Amino acid sequence: MLKKKQETKKIRLRFPPSPTGPLHIGNARTILFNYLFAKQNNGETVLRIEDTDKERSKLEWVQNIIDELKWLGIDWSEGPDIDGKFGPYKQSQRTDIYKKYLEKLLSEKKAYYCNCTSEELEAKRQDQQSRGLAPKYDGKCRDKNNISGVIRFKIESKKVKFNDLIRGNVEFDSGLLGDIVIAKNIETPLYHFVVVVDDHEMQISHVIRGEDHLSNTPKHILLQESLGFNQPEYAHLPLLLNADKSKMSKRAGDVAVSDYHKAGYLSEALINFMALLGWNPGTEKEIFSMKELINEFSLEKVQKAGAVFNTQKLDHINGLYIREMPAPILTKLCLEYLPEDHKNFSQKTLEKIVEVSKTRMKKLSDITELTNLFFEDNLIYEKDLLKWKEMKDADIKEALLLCDKELSSAKKWDAKNLEKILFEASEKFNREKGYPVENKGYTLWPLRVALSGKKASPGPFEIAEILGKEKTLERIKQAL
Ligand code: GLU
């Protein structure tokens with residue numbers, strides 16, 4: 001029994017981004033699912049930079065990927081920044097390893113050099129299409145013993161079967177593929193080949209990736225068979241869809257994790273939201289910490305159908321996280337979105353400003369718009385905004401004069417006391433004017449607009465407390 005346990009294969013997952021752009025939200029979701037699965041199985045994770053496309057890969061994107069994963073709270077056991085026994089972890093540095101396996105396939109006649117020209121291949125492709133056939137390489141160079149050219153892998157026609165952990169049994173007819181190109185030359189292997197070699201060399205036990213790779217898996221399995229490698233377990237995650245059900249990968253707008261980061265989404269909220277893109281806990285529960293996700297996530301509960309990326313849901317979840325955040329931490333996060341002159345305010349005042357504004361925040365960047373009323377010297381607004389219901393100009397003026405009088409003599413300047421004073425004033429005003437006594441809008445609306453210059457804002461007492469007596473009275477005078 002003990003012996004058996006020791007033989008159990010270690011759970012090892014890979015995060016294989018291509019650094020041809022900033023970390024994509026879809027890739028981040030895939031990496032998160034890999035991470036959760038690895039963590040709950042006490043497994044190891046490998047960050048592997050798939051930079052075989054030399055023209056499109058850039059160092060700045062490698063850095064962006066590392067930075068944003070760290071920001072999300074996702075770490076790895078081995079990678080370009082953490083030594084491990086299966087390195088190097090950038091494919092551009094592994095050419096010798098790939099070369100060895102390419103030579104093996106060539107010498108065993110499982111692969112061959114092909115020097116058909118692109119014109120020739122294109123003509124054949126068009127001919128096949130015009131005859132209603134699926135285009136594939138016709139095998140012209142298979143038995144020619146060329147000594148240079150691109151390297152093609154021989155694919156025989158057969159049924160390739162595998163058990164996908166999400167999709168169940170998958171069967172594929174390899175006869176549709178034709179001999180695929182696995183390297184541009186002996187020094188320049190391509191995606192299908194390097195991924196198979198790396199998954200083997202790095203002892204990857206589970207490949208969890210997007211459904212867009214499902215049709216690649218038969219090619220990878222055939223390569224594994226030819227190279228004598230073990231086959232990892234496969235799980236293909238549902239595609240991410242836009243609200244109109246189009247593919248998210250084709251979306252023009254925000255798709256980089258750094259876009260969401262900059263806009264002021266919290267990493268915990270983004271993780272929570274991404275976890276629900278295709279995974280469903282089977283309960284009503286919607287809010288999950290990373291720790292809870294690690295405990296509760298399961299591949300069995302990942303759906304097959306595409307997962308709609310619903311920005312409103314993200315905003316909703318982010319808003320919940322924002323409101324739960326302790327004031328000092330939230331204030332610190334908001335600072336970079338506040339105007340420069342926030343430095344004139346004490347930490348305590350800033351915390352109050354954030355505190356009274358946070359119910360309206362969907363993301364941190366909203367703080368700019370929501371709180372500019374506190375930082376501006378002169379408010380600019382339409383006179384009509386001061387008007388509540390059918391009020392006449394003269395009444396508005398009277399209401400504001402009353403507020404001015406009552407507030408001028410206020411002793412204790414805090415929201416609670418100001419509320420008490422102004423409620424009494426409102427009642428008095430309504431009785432005098434014959435307005436419904438309970439409707440405080442006749443005084444509080446003009447006052448709130450005088451203090452904020454906005455249609456929507458925190459209540460007048462909270463604003464007044466934060467502005468202080470002098471500024472409050474000054475704003476009422478401005479309105480008058
Ligand atoms: N580098 C590939 C990508 O970004 C990963 C493919 C794989 O998971 O095999 O799509």
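As the structure is a prediction and not an experimental result, all values here were calculated from the model. Atoms within each ligand, like the ligands themselves, are counted from 1 in listed order.
Ring-centre distance between Phe193 and Tyr101: not below the 6.0 Å cut-off.
A salt bridge does not link Arg94 to Asp51: none of the charged side-chain nitrogens sits closer than 4.0 Å to a carboxylate oxygen.
Looking only at protein heavy atoms, the nearest one to atom 4 (O) of ligand 1 is Ser18 OG, 3.4 Å. Looking only at heavy atoms of the protein, atom 10 (O) of ligand 1 is closest to His213 NE2, 3.0 Å.
Considering both main-chain and side-chain atoms, Arg209 comes within under 3.5 Å of ligand 1 through a nitrogen or oxygen pair. The shortest N or O to N or O distance between Pro16 and ligand 1 is under 3.5 Å. On a distance-only criterion, Tyr191 and ligand 1 share at least one N/O pair closer than 3.5 Å.
Residues Ser365 and Lys262 have side chains not in contact (no heavy-atom distance under 4.5 Å, counting atoms from C-beta outward).
Remark: distances from the non-hydrogen atoms of Arg14 to ligand 1 include one below 4.0 Å.
With hydrogens and angles ignored, the 3.5 Å screen pairs no side-chain donor or acceptor of Asn27 with any backbone N or O of Leu23.
Close contacts of ligand 1 with Val195, meaning ligand atoms under 4.0 Å from a residue heavy atom, involve 9 (O).
Tyr137 carries Arg152 over the face of its six-membered ring, with the cationic atom under 6.0 Å from the centre and within 45° of the normal. Under a cutoff of 6.0 Å and an axis angle of 45°, Arg29 and Phe33 form a cation-pi pair.
When the options Arg48, Gln91, Glu50 are ranked by their closest heavy atom to atom 5 (C) of ligand 1, first place goes to Glu50.
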